[in-house]
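Step one of this worksheet: look at the structure below.
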Amino acid sequence: MRALIVHAHPEPTSFNAALRDTAVGAIAAAGHEIEVSDLYAQDFEARAGRHDFLSTADPERFHYQREQEHAARRRAFAPDIAREQASVAAADLLILQFPLWWGGPPAILKGWFERVMAYGFAYVDARRFESGLFRGRRALLSVTTGGTQERFSPAGVYGDIDAVLYPVRRLMLEYMGYEVAPPFVSYAAPRVSEEARRAMLAQWAATVRGALAAPLPERHADDDALASVGTAAWTRTS
Ligand code: FAD
């Protein structure tokens with residue numbers, strides 16, 4: 001199995017970085033391949049724009065999905081996007097590591113989704129959810145919060161954590177066809193004791209091992225096409 005960790009935290013000594021390193025260690029120890037995309041370290045551009053493309057469908061009016069479709073057909077994504085797409089296409093297991101910021105992922109990770117998970121690469125019409133292009137692959141969310149588990153319970157002031165993470169799980173990952181494991185949440189990471197944080201890291205390592213050991217759902221028969229990033233989605237739907 002090959003895993004990709006997309007890491008969205010600006011500080012190398014953060015607890016998020018410790019979670020990332022724990023996952024890397026668990027995956028390597030289990031004998032699997034691992035790649036990390038550290039978005040802040042690579043100064044990943046979060047804003048969508050014409051800079052995303054090497055060729056233009058319509059120079060008069062910028063329609064983002066239309067330009068993405070154009071780039072997917074011609075393999076004309078900007079190098080930073082093409083590189084991330086190749087990593088995503090090669091990964092059986094996608095791990096998103098991020099702190100909860102204003103109720104969702106940091107802007108840099110949202111921007112990564114908008115730019116990398118492009119129309120024509122990550123989704124096309126009539127290929128969503130069960131028929132999504134990434135069916136047969138697994139995704140795992142590792143999220144840290146400032147708020148306690150009690151506050152993120154159904155009766156808590158912030159509401160159920162599953163509702164908070166619904167947009168990432170359902171509207172992004174499941175939309176593309178990923179099987180999404182229950183989220184691993186390190187609640188109140190800055191407030192708990194050092195010992196409690198160490199226990200979280202151990203639980204996270206066990207969760208990652210479990211995600212590696214569980215059989216993946218069946219892929220689409222045409223899944224290999226995804227490895228040739230860009231035109232793949234079109235060859236399948238046309
Ligand atoms: P850090 O502060 O980096 O680390 C926490 C502690 O872990 C530190 O003491 C650190 O030294 C220690 N640590 C590091 N490595 C290890 C290790 N190996 N072993 C043990 N301990 C270690 N919270 C919410 O609940 N909801 C929100 O909507 C929300 N919005 C936010 C918006 C913004 C813009 C910001 C900046 C924060 C927000 N927060 C929110 C809080 C945020 O979610 C938490 O601060 C964050 O999740 C904590 O993770 P961290 O990696 O940044 O922790």
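Start at 1 and go down the list; that is how both ligands and their atoms are numbered. Remember, it's a predicted structure, so these values are computed and weren't measured experimentally.
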Going by the 4.0 angstrom heavy-atom rule, the piece of S14 near ligand 1 is both
Just which atoms of ligand 1 are under 4.0 Å from any heavy atom in [X]?
X    : value
H9   : 50 (P), 51 (O), 52 (O)
T144 : 43 (O), 46 (C), 47 (O), 48 (C), 49 (O)
G147 : 24 (C), 25 (O)
P99  : 46 (C), 47 (O)
W102 : 27 (C), 28 (O), 29 (C), 30 (N), 31 (C), 32 (C)
N16  : 49 (O), 50 (P), 51 (O)
F152 : 25 (O)
P190 : 5 (C), 45 (O), 48 (C)

Do the rings of F184 and W204 sit parallel, tilted or perpendicular, given the 30° and 60° boundaries? tilted
Min over L19, L201, T22, L100 of heavy-atom distance to atom 29 (C) of ligand 1 lands on L100
Answer yes or no for atom 11 (O) of ligand 1: protein heavy atom present at a distance under 4.0 Å? no
Is R198 close to ligand 1, meaning an N/O of one under 3.5 Å from an N/O of the other? no
Does ligand 1 come near enough to G146 that some N or O of the ligand is less than 3.5 Å from an N or O of the residue? yes
Without swapping roles, check the side chain of R138 against the backbone of P215 for a donor-acceptor pair under 3.5 Å. yes
Are the ring centres of Y123 and Y119 closer than 6.0 Å? yes
Whether R50 and D58 form a salt bridge (side-chain N of Lys/Arg under 4.0 Å from carboxylate O of Asp/Glu) is what I want to check. no
